[in-house]
Amino acid sequence: MKQLRAASIAAPGFYGLNSQDSGVTLASGFALKADNCIIDKFGRIGARKGWTKVNSTAFNSSSVKTVFEFVKPDGNLIFAAAGNKIYGQHPQTGAYLEYPVAGTLFCPSASTAYSQTGTTVTVTHSAHGYTTGDTVYFGPTSGTADEGIYTVTVTSGSVFYFTSPSSETTSGNANCINILTTYSITDDNWQPINMPLGTGSTASSHAIWLQSGHLPLVMHKLGTAPHTHVDGYGFQRLGDVATFPSPYTVDTFKPSCGLYAFGRLWVANVSTADTQTVYFTDIQDPSDWTTGTAGYLDISAVIPTGDPIVALAQHNNFLIIFCKKHIVIYSGADDPATLTLNDTISNIGCIARDSVQSVAGTDILFLSDTGVQSLLRLTQERSLPLRDVSKNVRDELISYVNGEVLEGIKGVYFPNDAMYLLALPTSKVTYCFDTRGVLENGAARATVWNQINPTAFCIMQDRSLYLGEIGYIGKYNGYQDNGVKYRMVYFTNYFDLDTPTNLKFLKKLYLTAIGGSLQPLTIKWGFDYSELYRAGSITLPAQESSYYNVDEYNIGKYSDGIDLVNTQTNLSGNGKVIQLGFETDIDGNPLSVQKIDLFYASGKTA
């Protein structure tokens, strides 16, 4: 009987997925399949997390394409956009409701009284400005009348009434403002931007919402005059409280991308005839585009080809302007008077606005027409070198990108797991790039998620990751997709155990795993590049509860109490080149593969 030999694969899949290079020549450690996987902080390949609902009732039957946390001192609010509507939390109750776009006819509660008899609510406010048939938001601050949006009938310049869905007798004070029923939303790919107005204790919270072809919106406290912040939060057209640069008006200023940086708001690509100008506001004031230090930056002389601006970013004192085929970098952006052209990169740019993401303040990742790129920031060099992050999966990724609506492509950097996610919703594929290290060829370790299909991302202030799903905001946690199991698949590359011409007779496989209590696994193995796999099944032993993948901020529990389990199965067959595969349903428990030990007998040269 021939003596058995042993071979070990520690940290399987450590290099991530490689669909770009030939499987014949790949180094050990690459994966040819890595579905619904991540590479954890210890270099192990394991199951990604799933998601749970944030809103208990679906907004509608459309995908949530924008998720946003509005940061304000009296409690943050979560917003979502789906089905050409904006939904958000009620400032008092936290319940989700549709947010309309308000006008400028505001009646504050301090001077607005109402009384209700039966279903008729009569409101009194001097010079309210409404006409019969107007749609008005009614928000009582006292009494028990129903908050809502109503069509009003005007009886005088100081009195109007509407019909409530509830019959009662009550009275009190209320905020009222007209609703712009003519404001049309035709898509949900918004770019919301948090920013304050003013400084110090008197600063107030604002969020500017931008979308190509749409008039920009501002979420702020509604007031009787621009930025008189006296009552509840709501949306208005930014142009109704702002002065735009000439020749733009409230109806023509439509920026498609923006940035809050260096204490001011920056926007670009405001019309089809003005795609190469960056406009910026006065310091800490999103309403002032014409005075103080407000101004504009025209890059047409730098990029004379007309290449349109797609996205804006900042790092340290640099303003980064992404066009489709160019990147323009300005220094001195903290003071518009010192803005200086620092660098221009040609023949590469950004094709998807929402792919641009800052990575731990040290880098910016973005999607170009050749894959995911890294804009490294080396302060000791003038030029900022590029790195092809998706080099190992580039062709496959680009084939998916070519079938996408570019505005729908979403990216996010999730610091808890140090991963950059790029969602391609039409293709139903999300690429996960590990940013903890760089491979020898400059690429990041990659895996693919093909069952979760997020359509939006948002990193919350508590460091959690929120997703857009059909009808719902989802939170990235747990190990089910909204209560449904998902399939984790990992296949090694082809390997010959350093004897490329010898036959290997497989006998036994030992698997060391982490997590996966009582988890059934299907193990597959094949020979000589054939996809006709043999298969067997094993079940991991039962485990006590552990701290696996517990991420308590500033408390290191990843290495304490983790349960390592070992199991084995018999193998059969022979060939010169071997491939191993593992498939399992993730249904509530985490799982990572720590080590594979393979026992085989070596035969004669084939």
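All values below come from the heavy atoms of this structure, side chains included, with hydrogens, waters and symmetry mates left out. All residue numbers refer to positions in the sequence shown, counting from 1.
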So [X] and [Y], would you call those rings parallel, tilted or perpendicular, with 30° and 60° as cut-offs?
{"X": "Phe138", "Y": "Tyr114", "answer": "perpendicular"}
{"X": "Phe160", "Y": "His128", "answer": "perpendicular"}
{"X": "Phe70", "Y": "Phe79", "answer": "perpendicular"}
{"X": "Phe68", "Y": "Trp209", "answer": "perpendicular"}
{"X": "Phe253", "Y": "Trp289", "answer": "perpendicular"}
{"X": "Phe262", "Y": "Trp266", "answer": "perpendicular"}

Quiz question: by atom type and distance under 3.5 Å, do the side chains of [X] and [Y] form a donor-acceptor pair?
{"X": "Asp363", "Y": "Ser374", "value": "yes"}
{"X": "Asp274", "Y": "Thr277", "value": "yes"}
{"X": "Thr141", "Y": "Asn173", "value": "no"}
{"X": "Asp462", "Y": "Ser464", "value": "yes"}
{"X": "Tyr87", "Y": "Asn60", "value": "yes"}
{"X": "Gln191", "Y": "Asp354", "value": "no"}
{"X": "Gln116", "Y": "Thr169", "value": "no"}
{"X": "Gln236", "Y": "Tyr183", "value": "no"}

Apply side-chain hydrogen bond (donor to acceptor under 3.5 Å, both in side chains) to residues Tyr260 and Gln284 and explain how you reach the verdict.
CA-CA 9 Å; Tyr260 173 67; Gln284 303 288 40; 2.7 Å; yes
Are Tyr296 and Phe280 close enough that their ring centers fall under 6.0 Å?
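Tyr296 vs Phe280: aromatic centres not under 6.0 Å.
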Taking [X] for the side chain and [Y] for the main chain, is one N or O donor matched with an acceptor at less than 3.5 Å?
{"X": "Lys72", "Y": "Gly75", "answer": "yes"}
{"X": "Asp288", "Y": "Thr281", "answer": "no"}
{"X": "Asn269", "Y": "Thr275", "answer": "no"}

Is the number of heavy atoms from other residues, nucleotides or ligands under 6.0 Å of Tyr248 OH greater than 12?
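Counting other residues, nucleotides and ligands, OH of Tyr248 exceeds 12 neighbours.
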One pair to check against side-chain hydrogen bond (donor to acceptor under 3.5 Å, both in side chains): Ser287 and Asp285. What are the steps and the verdict?
CA-CA 5 Å; Ser287 69; Asp285 190 349; 2.6 Å; yes
Output yes when Arg48 and Asp417 qualify as a salt bridge under the 4.0 Å nitrogen-oxygen rule, no when they do not.
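Salt bridge flag = no for Asp417 with Arg48.
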CA sep, side-chain torsions, deciding dist, call: Phe366, Phe322, ring pair (Phe, Tyr, Trp, His ring centres under 6.0 Å)
CA-CA 9 Å; Phe366 61 96; Phe322 290 95; 4.9 Å; yes
Please report the shortest heavy-atom distance between Asn84 and Ile185, naming the atom on each side.
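Closest pair (atom of Asn84, atom of Ile185, distance): CB-O, 3.2 Å.
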